[in-house]
Each structure stands twice: as structure tokens, then as C-alpha cells.
Protein chains: 2
Amino acid sequence: MNFPSNKYIIQLLSDFVPISKDMEEIIIKHLEFKTISKQENVIREGQIAQECLFILKGCIKKYYLVDGEERITNFYTEGQVVTPNSYTNKKPSKYFLTALEETIALVGDPDTEQEALKKYPQLASVTGIITEKLMVKLSDEFDNRINHSPEERYLQLIKERPDILQRVPQYQIASYLGIKPESLSRIRKRLKS
Amino acid sequence: MNFPSNKYIIQLLSDFVPISKDMEEIIIKHLEFKTISKQENVIREGQIAQECLFILKGCIKKYYLVDGEERITNFYTEGQVVTPNSYTNKKPSKYFLTALEETIALVGDPDTEQEALKKYPQLASVTGIITEKLMVKLSDEFDNRINHSPEERYLQLIKERPDILQRVPQYQIASYLGIKPESLSRIRKRLKS
DNA sequence: GAGAATCATTGACCTGAGTTAAGAAAATAA
DNA sequence: TTATTTTCTTAACTCAGGTCAATGATTCTC
């Protein structure tokens, strides 16, 4: 896989959080990468995450196992941050994170995070913004689940993340929508007419 | 309503977050109260919350309006913290907070929060713990909705918050479970046998 | 390219929740 | 207390999603 350029990385990052010119250099100097191969687990149930990721290329799914069956709650792709709950609270993870494709990501770990904050206090605002964004996003997802039917959520997915439909098999989309593959198939049929 | 004693307040607070002896005094000195009468809105859709609450007595519901219909997502009671999303992110609230009973709460607002943090830096850890707790709780609620049927969630509610069943009318419990009152009635009938 | 495995679709049947409408029970007001 | 409003229950019917099973369609492997 061809490696993402610095320019592309800064582009993605600044879409996510405002970055000043002088911070760009600091960031580029301290970048740490990680490559995750297809099917590889970033974290397993019961583990405590030691790092968080910013995805540059690829796709990662988050899911629980219920009676051996995957319940997918999220897909993370280019430009998204994966901050495992267990990274924040240092308790065993309740879910899995698994790459659906070969994935390249920026890595953040607590030590370098602390170090960086000491060296560059102006980064504090960035981490604050990130936490807040995650909070808002989580509660938005929550609302979404509560207020919309699987069919509505499927239509929304088509509109907002059409790439996901291309790169993720349908039975996993079904899991994400909270239904069985057969039901998604029927929804698709219904929508054709 | 008889007013909660300092002892009771500290008891509730320390169940929520660890409090050292010397912090107790600081806290007691700076307490600020608010009384909310039954049916009163703490916040309406579109407003930006200027304060957060720690409930000493009473009950508050959080809900959205969808086509004029309430969708309750939470009940807050004694010992729980109400931190409106709009308090954190300074954007208009998507939901309502309304007292179901006459409610007495401790109030926190950004100014006094900042002031207190300057004066007593040891409080910083407390606010950190609170944010983290809220995050974990939110994602737990999320899992709960995803992984359990309304019937299972009703049984769970009976086990974990039996008081709610006593103080909240059934049609609001139904809303909280994500179903109609008629369905809850049928679930209850089913469970009798 | 043949065969195997995985994934997607379809049909028949079941079940739980929504809808509508009616009446019973409980809470509130007069 | 009685009257009135609110809340709860029940019944009949509809419908979306689950289950089971069979069949196509793709993809993977050799």
C-alpha cells in the first residue's frame, strides 16, 4: 500500500481539529505510525488499550460478541479517531476492534501524550476538543438508534457514508443496523420499488 | 419538603466521587442549591444550559420530542449528576430536562467551577473522574439498548432501579424502554405467568 | 476452470410491538 | 362523596423483523 503523504495527513487532521501552522511542524516531527493487517485485532475483549488511533487509510470495526455473534456498533475510516473506552478508563475492554482492510493509522499513547502536553501546552485545547467531540458523537449515535428504524438508518448510511456500503460486506452492515442479513435484504428489496 | 442535611449531602457526594476530609469543608462552604418544582423545565430544546446539577432529592427526566411525542432517555434521581450536553459544548440542547417531582439539587456553573479549580487545584481530579464516569455510563446505556429486548430491559430496571417504578407513571417507563404503554402492559401480563 | 466456501436472496411461518378503539382502574378535582 | 380526567389494561388487526430452510450468486482455493 502506498504510504500517506505528510500533506494528506495534515489535511485529514485539520479536518478533524483546528491546527495552527506552527503546530503542523510539531505534529509532523512526532508522528508515530502503525500498520494493521486485514483481520488483525487492534483490541480484544478483556484487554486494556494502550493506545488510540487516527486512521489514515483503511477501516476498523468495533463490535461485541453476544453468544458468539458479532454486534457491530461502529465502522471507523479515514480521518476518524478510535479512542477505546478502555484507553480512557484503564479497565478491560468490553468490545473488539478489528481491521476490515489493511489499515494505516497514527498512534497516540499516554506517555507521549503526557510528554507532548508538557512540551506544548497549546495542545491541551486540542485534546479537550477531541474528548468533547467524542462525547457529542456518542450521544448522537445513541439518539439515532433510538429515534430511527433500521430502514431509516440504512438510508442515512447510504447518504452519509456511501463508501461503507462499498467496502463492508452486507451481513456486517446488517449487524451495524441491528438486524439480520435476511432483513436487510428485504429492506433493500422494499426500497427498489 | 424537609431540606437535606450537610451529612446527607456529603454522603451522597462521596458515593459518587472520592472526597477527602479537608475537601468536605471546602465543599460544604461553597454549596449552592436550587429547587425545581414539579413539572418545571430545567432546560428546553434549543436552550444552552448554564449549569449542571447534582440531585439531592427528587427526580428529573430527560427526553426528546419526536412529532410532539416524548421519548424519554433517562431518569435522574438522588445522587446522580445531570450534565447537559449543551452545558459542555455550549450548543443548543436537543432535549428537555423536566422535574417529575419537586427536586432539590446542588448547582454547578462554569464561573464558579473555574474559580473553584483555581483556588483548589485538587478538585481537578474530581472533575476528570466525573467526565470519565459520564462517558462510560453513556456507552453502557448504549450497549444496553443494543443488546437487550424491551422485556429484558424492564426486568433490569426492576432489579436496578425499583424506586423508579414506584415514582414514575407506567407510560413514561414505556417511553424509556422504547415501547408504547400498551406493549409494556402486555409485557407485564406475560411476566405474571 | 472445477469445487468449495462464503455471502445474498427468497419464501413460509412465528412473534413482539404498533395501532385503534373500548372499557376498567386510579388519581384528582369539585 | 361524586364527577372528571388521567392512566392502565385488553382485544383485534397489521406489520417489520426473526427463524429456518432452500437456492442463487460471488469469491476463494486448488
Side-chain angles (χ1 to χ4, degrees), chain A residues 37-40 59 61 63-73 75 98-102 144-158 162-193, chain B residues 37-40 59 61 63-73 75 98-102 144-158 162-193:
Chain A
S37 51
K38 196 173 171 175
Q39 305 280 20
E40 189 181 335
C59 182
K61 67 178 168 183
Y63 62 98
Y64 304 81
L65 283 187
V66 179
D67 305 325
E69 189 203 89
E70 284 184 15
R71 299 268 175 97
I72 298 173
T73 63
F75 298 108
T98 306
L100 289 172
E101 310 167 359
E102 190 182 10
N144 194 351
R145 283 254 178 185
I146 291 171
N147 294 324
H148 300 286
S149 67
E151 181 170 326
E152 288 170 324
R153 296 182 58 233
Y154 178 62
L155 289 168
Q156 209 173 319
L157 193 66
I158 292 175
D163 60 307
I164 293 288
L165 302 193
Q166 299 310 315
R167 56 210 293 193
V168 177
Q170 242 169 70
Y171 73 96
Q172 303 205 31
I173 305 272
S175 171
Y176 172 73
L177 296 173
I179 56 179
K180 301 285 160 186
E182 295 93 327
S183 297
L184 178 52
S185 202
R186 277 178 299 211
I187 287 174
R188 284 159 56 81
K189 196 180 181 184
R190 230 185 283 150
L191 291 175
K192 275 179 197 158
S193 49
Chain B
S37 52
K38 196 173 171 175
Q39 304 279 21
E40 189 182 336
C59 181
K61 67 177 168 184
Y63 62 99
Y64 305 82
L65 283 187
V66 179
D67 305 325
E69 187 204 271
E70 285 185 14
R71 300 266 175 100
I72 298 173
T73 63
F75 298 108
T98 306
L100 289 172
E101 309 167 0
E102 190 181 10
N144 195 351
R145 283 254 179 187
I146 291 171
N147 293 324
H148 301 284
S149 67
E151 181 170 327
E152 288 170 323
R153 295 181 59 234
Y154 178 62
L155 288 169
Q156 210 172 319
L157 193 66
I158 291 175
D163 60 307
I164 294 288
L165 301 192
Q166 300 309 316
R167 59 212 290 194
V168 177
Q170 243 171 68
Y171 71 96
Q172 302 205 34
I173 306 272
S175 171
Y176 172 74
L177 295 173
I179 56 179
K180 300 286 160 186
E182 295 90 330
S183 296
L184 178 52
S185 203
R186 276 180 299 210
I187 287 174
R188 286 160 54 82
K189 196 180 183 185
R190 229 185 283 150
L191 291 176
K192 274 179 198 158
S193 50

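In the text below, chain A, chain B and the rest are named by the order of the sequence lines, each starting its count at 1.
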Set out, line by line, the N/O atom pairs under 3.5 Å between protein and nucleotides 22-28 of chain D.
none

Non-hydrogen atoms of [X] and [Y] that approach each other most closely:
X      : Y      : result
A/V168 : A/C59  : CG2-SG, 4.4 Å
B/L165 : B/L157 : CD2-CD2, 3.7 Å
A/S37  : A/A99  : O-CB, 3.7 Å

With A/S185, which residues qualify under side-chain contact (heavy atoms from CB on, under 4.5 Å), at least two apart?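 Applying side-chain contact (heavy atoms from CB on, under 4.5 Å) to A/S185 gives none.
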Over how many whole Å does the gap from [X] atom [atom1] to [N] atom [atom2] extend?
X      : N      : atom1 : atom2 : result
B/K180 : D/dA12 : NZ    : P     : 22 Å
B/D67  : C/dG18 : CG    : C1'   : 14 Å
B/E152 : C/dA17 : CD    : P     : 10 Å
B/E69  : C/dG18 : CD    : C1'   : 11 Å
B/L155 : C/dG16 : CG    : P     : 14 Å
B/E151 : C/dA17 : CD    : P     : 7 Å

Distances under 3.5 Å between nitrogen or oxygen atoms of protein and nucleotides 7-13 of chain C:
residue	atom	partner	partner atom	Å
C/dC7	OP1	A/Y171	OH	3.1
C/dA8	OP1	A/Q170	N	2.8
C/dA8	OP2	A/Y171	N	3.0
C/dT9	OP1	A/R188	NH2	3.3
C/dT9	OP2	A/Q170	OE1	2.5
C/dT9	OP2	A/S185	OG	3.1
C/dT9	O5'	A/S185	OG	3.1
C/dG11	OP2	A/K189	NZ	3.2

Give the intermediate values and the outcome of side-chain contact (heavy atoms from CB on, under 4.5 Å) for residues A/L100 and A/Q172. CA-CA 10 Å; A/L100 289 172; A/Q172 303 205 31; 3.6 Å; yes
Is there a donor-acceptor contact under 3.5 Å from the side chain of A/S149 to the main chain of A/E152?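 Between the backbone of A/E152 and the side chain of A/S149 there is a qualifying donor-acceptor contact (under 3.5 Å).
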Do B/R153 and B/Y176 make a side-chain contact, defined as non-hydrogen atoms from C-beta onward lying under 4.5 Å apart?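 A side-chain contact under 4.5 Å exists here.
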Please tell me if the side chains of A/I146 and B/R145 come closer than 4.5 Å, counting only heavy atoms from C-beta onward.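 Yes - at least one pair of side-chain heavy atoms lies under 4.5 Å apart.
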